[in-house]
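Below: the structure, in structure tokens.
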Amino acid sequence: MKSSKKFHTSNPEPASAIDRSVPDIPAAQLSDEDRYFRAHKPPQYLDEIAGLVQEFVDFHAESGKPVVLVTSGGTTVPLENNTVRFIDNFSAGTRGATSAEYFLEAGYAVVFLHREFSLLPYSRHYSHTTNCFLDYMTEIDGKIEINPDYAADMLKVLRKYNQARESRSLLLIPYTTVNQYLYTLKAVAEIMQKLEAKALFYLAAAVSDFFLPSSRMPQHKIQSRDQEGGKLVVNLEQVPKFLSRLVENWAPGAMIVSFKLETDESILLSKAKSALDKYQHQLVIGNLLQTRKREVVFVTPDGETKWVKLSAEDAAADKEIEALIIPEVVRYHQAWVRQHSS
Ligand code: PMT
């Protein structure tokens, strides 16, 4: 056999063993995100959830179906370990639950990571109305039946719901606190890595920006009589921005869509663009609190901005903005898959 150039990695290289001109390598720094996971425990049920997600992803990977992770709803920030009080935000999960239905219609399998007791796909049509659920029923000949006024619409929703169940295309994963959200997002993303470009992340949840670290969290209910001057002063820390971890480490290869919520229109586009610069993902959907159910803006890394709005007729016909958002997102994702399959 012809021998290749002779070298042994185990041999010392005396000439370059000590080079004083090379500066010391600084000790590896922990990122804010790593520090967060070191300082906070995972939820006890995480392995169980990971098992369910693994099964779901394996099942759909086999058929080649694209899988989207939809995050939905607000996150809570507990102020006590035995939580009586917590900080919350406005999100009801309408965007996430509605979007999940349109993704299912578009042929996606959906992992729906949602705030527990916020809106769910399909049941949202009945859980978030001013009607009491009993209004949907009526008594005929001593038996409960669906009120005929609602039956035709309910049948349409029921068929879609059954279709999602029978095709095993919808997996509901709950969270409540921001800590549960972050750990679950990481676990699901790592499992979805095997889907590569066919994985889509649609991050509609309103994640708390501030939290109380567990090291400073009281074990029991805060007593009002113990507060100086009768005031409760809470000192919150910033939740690290995990989007970079998602893009770089947890879901490389996937397409990532984040949302940007503002209340001041004059800063919406610049905030969306700076999110793309900072996190290097593929799409930001900007929305304003006041108009979020009627219009959104798509912002891409090449600087393109595109407003998607319901027309007056659409709004009058109760059309949902997600019926316009999802086909657009799907188009971007299909292009992403094509770009990464060659
Ligand atoms: O539920 P609804 O009532 O229908 O309302 C829908 C909505 C307005 C909540 C939704 O459309 C929306 O805009 N969601 C994102 C709102 C938001 O809180 O954005 P943000 O600026 O905090 O975060 C921007 C992105 O960064 C998010 O997509 C999030 O995934 C990410 N992020 C946020 C915090 C954090 N610690 N790490 C993150 O990676």
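What you see is a predicted model, and the numbers here were worked out from it, not measured in a lab. Counting convention: from 1, in listed order, for ligands and their atoms alike. Note that the numbering runs from 1 along the sequence shown for the chain.
- The shortest N/O to N/O separation between S91 and ligand 1 falls below 3.5 Å.
- At a threshold of 4.0 Å, the pair R294-E322 does not count as salt-bridged, since none of the basic side-chain nitrogens sits closer than that to a carboxylate oxygen.
- Under 4.0 Å from ligand 1, the heavy atoms of A205 that appear belong solely to its backbone.
- No part of T71 comes within 4.0 Å of ligand 1, judged by heavy-atom distances.
- Of the N and O atoms on the side chains of T177 and N179, not one donor lies less than 3.5 Å from an acceptor on the other residue.
- With ligand atoms numbered from 1 in the order given, ligand 1 contributes 28 (O), 30 (O) to contacts under 4.0 Å with heavy atoms of L203.
- Protein heavy atom at the shortest distance from atom 33 (C) of ligand 1 is V207 CB, 4.0 Å.
- A salt bridge is absent between K160 and E101; no separation between the charged side-chain nitrogens and carboxylate oxygens falls under 4.0 Å.
- Only the side chain of R292 comes within 4.0 Å of ligand 1, counting heavy atoms alone; its backbone N, CA, C and O stay farther away.
- Proximity of a side-chain donor or acceptor of H40 to a complementary backbone N or O of Y36 within less than 3.5 Å is detected.
- Ring pair H60/Y108: centre-to-centre distance not below 6.0 Å.
- Residue L243 touches ligand 1 through backbone and side chain together, judged by heavy-atom distances below 4.0 Å.
- A donor-acceptor pair is defined here as one N or O able to donate and one able to accept, closer than 3.5 Å; such a pair exists between the side chain of Q227 and the backbone of Q223.
- Taking the six-membered ring for Trp and the full ring otherwise, Y126 and Y136 have centroids separated by under 6.0 Å.
- The heavy atom nearest to atom 10 (C) of ligand 1, considering only G93, S244, S208, A204, is found in A204.
- Listed by atom number, the atoms of ligand 1 under 4.0 Å from D209 heavy atoms are 22 (O).
- Classification of R245 and E248 as a salt-bridged pair holds, one side-chain N sitting under 4.0 Å from a carboxylate O.
- Of the protein's non-hydrogen atoms, F259 O, 3.8 Å is the one closest to atom 27 (C) of ligand 1.
- The shortest N or O to N or O distance between F90 and ligand 1 is not under 3.5 Å.
- A salt bridge is defined here as a Lys NZ or Arg NE, NH1 or NH2 lying under 4.0 Å from an Asp or Glu carboxylate O, and K271 with D264 fails to meet this definition.
- Checking side-chain atoms of Q180 against main-chain N and O of P43 turns up no donor-acceptor pair under 3.5 Å.
- Looking at K221, its side chain never comes within 3.5 Å of a backbone N or O of T83 through a donor-acceptor pair.
- Polar contact check, Y181 against ligand 1: no nitrogen or oxygen pair lies under 3.5 Å apart.
- Residue-to-ligand polar distances keep K241 apart from ligand 1: every N/O pair is separated by 3.5 Å or more.
- Contact annotation: for A275 versus ligand 1, there are no heavy atoms closer than 4.0 Å.
- For atom 5 (O) of ligand 1, the protein comes within 4.0 Å by at least one heavy atom.
- The contact set between ligand 1 and T94, taken as ligand atoms under 4.0 Å from a residue heavy atom, comprises 1 (O), 2 (P), 4 (O).
- Looking from atom 11 (O) of ligand 1 to the surrounding protein, the closest heavy atom is N287 OD1, 2.7 Å.
- Looking only at heavy atoms of the protein, atom 16 (C) of ligand 1 is closest to L261 CB, 3.7 Å.
- Distances below 4.0 Å separate heavy atoms of P240 from the following atoms of ligand 1: 35 (C), 36 (N), 37 (N).
- Note that R168 lies in the cation-pi zone of F59, set by a 6.0 Å cut-off to the ring centre and a 45° limit from the axis.
- For F242 and F37, the ring centers sit closer than 6.0 Å to each other.
- Nearest protein neighbour of atom 37 (N) of ligand 1, counting heavy atoms only, is F242 N, 3.2 Å.
- Of the protein's non-hydrogen atoms, the one nearest atom 20 (P) of ligand 1 is K260 NZ, 4.0 Å.
- Among protein heavy atoms, atom 18 (O) of ligand 1 sits closest to A206 CA, 3.6 Å.
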